[in-house]
**Student:** 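Could you have a look at this structure, given as structure tokens, before my questions?
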Amino acid sequence: MEQYIIKGGKPLKGEVEIGGAKNAALGILAAAVMTDDDVIIENLPDVRDINVLLEAIGEIGAEVKRIDRHTVKINGGNIKEVSVDDEYIRKIRASYYFIGALLGKYKKAQVPLPGGCNIGSRPIDQHIKGFRALGAKVSIERGAVIASAETLSCAHIYFDVVSVGATINVMMAAAMAEGRTILENAAKEPHIVDVANFLNSMGANIKGAGTDTIRITGVKRLHGTEYSIIPDQIEAGTFMCMAAATRGDVLIKNVIPKHLESISAKLIEMGNEVIEYDEAVRVIGAKYQRHTDIKTLPYPGFPTDMQPQMAVSLALAEGSSMVTESIFENRFKYVDELARMGGNIKVEGNVAVIDGIEGFTGATVNAPDLRAGAALVIAGLCADGFTVVEEIGYIQRGYECFEEKIKGIGGAIEKVDSEKAARKFMLKVS
Ligand code: UD1
């Protein structure tokens, strides 16, 4: 089993380049099959979730051609199968985007109920509510969502909760429905805007993405396009926290600073310096950092996907911080792992109270999910001695070349798959 072994205690310094946004790419790849023409997608992150989705796209009959590591050409002209069933696709959350894409284009879809990180109960009732409002019949049979419609017609849909997935999914189906659909209480995340821009570049007519009201005038046909995915807000935020927590100085390149404002604001409140450039941010970690409180909220609030990484930073700040998780109920599983490293965090319901400590000590810990796994790597980079992070498959789902990028800014980290390799690394860095 692969694991990361980390020797901590060194401030990270240098430059790191951020890749394309995984969560935008997942929506965009699914939407790419909605035209029969060629679609070229650039700045695609080479991570496991994306590669699984590409495989599934190939399996339903679309042509998928890798032009290079970060560019793919997709042609959905020969899709014969509207039933997506791949043993891996069940494991990724974004498999549900095939429902909106295939229902929009072919007026039918059959997709297994999604899996993904176990961070909460993650229902899809809002997606189904939206599809039904557009006139589709939707049922759940033998673990799959089955949706079909004679025709999809416009609707005025009010989402009961702000959901990234439901907003993107229903927006895709409505892009090829008849008439003008209005989505109210829509999510406003940068990747919603990116998927809408992508669909518009294929000839869709979507207005208002990035606000809570999205207006979609359906079109009969979408055409080919070339599109470059936005930078990953969460990968960037993870490196920002890494720079701050290790008391380092890192220039994080290829980012949209506006998307990082909530993270920058919290790091600044803690006493760190964040300098914004046009397409980069530089984070200079302060030696003494102060406590602060965070509450996760839909964009532009503090992202739930950054909660564990920020909690690790707060665990090394002076005083008590309160972290309130208001999106997913199961996102504090890393707390027990941090306790093995000396972390002093108490969880009560959806609130974690963090009492800052002077430093972590290295230990063997388990990555409970993608973002919590990244947070434990940050903790390892700050810790005294060696830390082993197990179950790193989770981390590889969403971070491309994570260990290489960390090495590039001076971190002592190695991906190993045997005791022998671990010992070799320990000897090398000791
Ligand atoms: C997406 C992201 C995930 C991120 C999350 C919140 C992808 C592939 N994943 O997940 O990384 O953590 O947004 O920013 O983009 N809900 C319902 N009914 C629904 C849908 C959602 O009650 O039909 C609830 C969820 O349980 C959760 C909240 O709404 O409490 C937000 O979920 P949502 O925004 O849909 O998250 P995902 O799209 O699954």
Side-chain angles (χ1 to χ4, degrees), residues 4 12 14-29 41-51 53 69-70 92-94 116-117 119 164 189-194 228-246 248 250-264 266-267 274 276-277 279-283 296 299 302-313 367 369-381 389 392-409 411 413 415:
Y4 283 139
L12 299 186
E15 296 182 4
V16 65
E17 186 94 23
I18 298 306
K22 169 183 82 84
N23 287 346
L26 292 167
I28 286 172
L29 288 176
I41 300 164
E42 292 161 3
N43 204 29
L44 195 68
D46 184 12
V47 296
R48 214 170 267 182
D49 275 10
I50 295 297
N51 295 330
L53 199 78
R69 186 170 187 185
H70 298 121
I92 68 165
R93 184 84 194 141
C117 279
I119 52 177
V164 170
E189 268 67 4
H191 38 295
I192 308 249
V193 180
D194 211 32
S228 182
I229 293 169
I230 52 165
D232 197 302
Q233 173 204 21
I234 306 300
E235 187 194 10
T238 301
F239 279 96
M240 290 171 78
C241 284
M242 204 180 282
T246 62
V250 180
L251 182 69
I252 299 147
K253 290 162 67 174
N254 187 32
V255 302
I256 299 175
K258 172 96 190 123
H259 295 167
L260 304 171
E261 271 172 359
S262 60
I263 303 159
S264 301
K266 286 293 151 185
L267 290 175
V274 179
E276 284 186 6
Y277 302 95
E279 292 179 358
V281 287
R282 179 174 168 199
V283 177
T296 63
Y299 189 83
F302 191 87
T304 173
D305 284 357
M306 279 303 302
Q307 182 261 100
Q309 302 90 311
M310 188 57 85
V312 164
S313 311
D369 59 64
L370 164 59
R371 305 305 171 183
L376 291 172
V377 169
I378 299 177
L381 289 164
V389 181
I392 62 169
Y394 281 116
I395 301 173
Q396 290 162 345
R397 290 176 69 155
Y399 291 91
E400 180 178 330
C401 301
F402 198 40
E403 67 281 5
E404 273 123 62
K405 289 188 183 183
I406 294 171
K407 279 185 206 168
I409 46 176
I413 180 171
K415 185 164 65 184

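Count residues from 1 along the sequence.
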**Student:** Any idea which heavy atoms bring Phe402 and Ile395 closest together, and the distance?
**Tutor:** CD2-CG2, 3.6 Å

**Student:** Check Lys22, Lys405, His70, Arg48 against Glu400 for a side-chain hydrogen bond (donor to acceptor under 3.5 Å, both in side chains) and give me the one that passes.
**Tutor:** His70

**Student:** Just how far is it from atom NZ of Lys266 to atom CE of Met240, taken to the nearest 0.5 Å?
**Tutor:** 13.5 Å

**Student:** What's the spacing between Phe239 CZ and Ile378 CD1 if we round to 0.5 Å?
**Tutor:** 8.5 Å

**Student:** Donor-acceptor pair, Asp194 side chain versus Ile230 backbone, under 3.5 Å?
**Tutor:** yes

**Student:** Is there a side-chain contact between Val283 and Val250, using heavy atoms and a 4.5 Å cut-off?
**Tutor:** no

**Student:** Mind checking the CD1-CD spacing from Ile18 to Glu279? Nearest 0.5 Å is all I need.
**Tutor:** 13.0 Å

**Student:** If you look at every heavy atom in Glu235 and Glu17, which pair is closest and at what distance?
**Tutor:** OE2-O, 4.4 Å

**Student:** Quick check for you: to the nearest 0.5 Å, what is the distance between Leu53 atom CG and Leu29 atom CG?
**Tutor:** 5.5 Å

**Student:** Should Ile234 and Gln309 be marked as a side chain to side chain contact (heavy atoms under 4.5 Å, CB included) after you check the CA-CA gap, both sets of side-chain angles, and the distance that decides it?
**Tutor:** CA-CA 10 Å; Ile234 306 300; Gln309 302 90 311; 4.1 Å; yes

**Student:** Passes side chain to side chain contact (heavy atoms under 4.5 Å, CB included), Met306 versus Thr238? Steps please.
**Tutor:** CA-CA 7 Å; Met306 279 303 302; Thr238 301; 4.0 Å; yes

**Student:** Just by distance, do the side chain of Gln233 and the backbone of His259 share a donor-acceptor pair under 3.5 Å?
**Tutor:** yes

**Student:** Which heavy atom of Leu376 sits nearest a heavy atom of Ala367, and at what distance?
**Tutor:** CD1-CA, 4.0 Å

**Student:** Is there a donor-acceptor pair closer than 3.5 Å between any side-chain N or O of Glu189 and the backbone N or O of Tyr299?
**Tutor:** yes

**Student:** Please round to the nearest 0.5 Å and tell me the distance separating atom CG of Leu370 and atom CZ of Arg397.
**Tutor:** 7.0 Å

**Student:** How long is the span from the CD1 atom in Ile406 to the CE atom in Met242, to the nearest 0.5 Å?
**Tutor:** 4.0 Å

**Student:** Check whether any side-chain N or O of Thr246 sits under 3.5 Å from a backbone N or O of Leu12 as a donor-acceptor pair, and report yes or no.
**Tutor:** yes

**Student:** Could you check whether atom NZ of Lys253 has more than 12 heavy atoms from other residues, nucleotides or ligands sitting under 6.0 Å from it?
**Tutor:** no

**Student:** Identify the heavy atoms of Pro308 and Ala372 that sit nearest to each other, and give their distance.
**Tutor:** CB-CA, 3.9 Å

**Student:** Under a 4.5 Å cut-off applied to non-hydrogen side-chain atoms, are Met310 and Leu267 in contact?
**Tutor:** yes

**Student:** Find out whether Pro303 and Ser262 are in side-chain contact, i.e. whether some heavy atom of one side chain is under 4.5 Å from a heavy atom of the other.
**Tutor:** yes

**Student:** Could you tell me whether the side chain of Ile28 reaches within less than 4.5 Å of the side chain of Ile41, counting heavy atoms only?
**Tutor:** yes

**Student:** Taking all non-hydrogen atoms of both residues, which atom of Pro231 and which atom of Ala21 are closest, and how far apart?
**Tutor:** O-CB, 3.7 Å

**Student:** On a heavy-atom basis, which atom in Ala280 and which in Pro257 lie closest, and how many Å separate them?
**Tutor:** O-CG, 3.8 Å

**Student:** Are Leu260 and Val281 close enough, and set up right, to give a side chain to side chain contact (heavy atoms under 4.5 Å, CB included), and what steps lead you there?
**Tutor:** CA-CA 9 Å; Leu260 304 171; Val281 287; 4.1 Å; yes

**Student:** Could you walk me through whether Tyr277 and Leu251 satisfy the side chain to side chain contact (heavy atoms under 4.5 Å, CB included) test, starting with their C-alpha distance in whole Å, then the side-chain angles of each, then the deciding distance to 0.1 Å, before giving a yes or no?
**Tutor:** CA-CA 10 Å; Tyr277 302 95; Leu251 182 69; 3.7 Å; yes

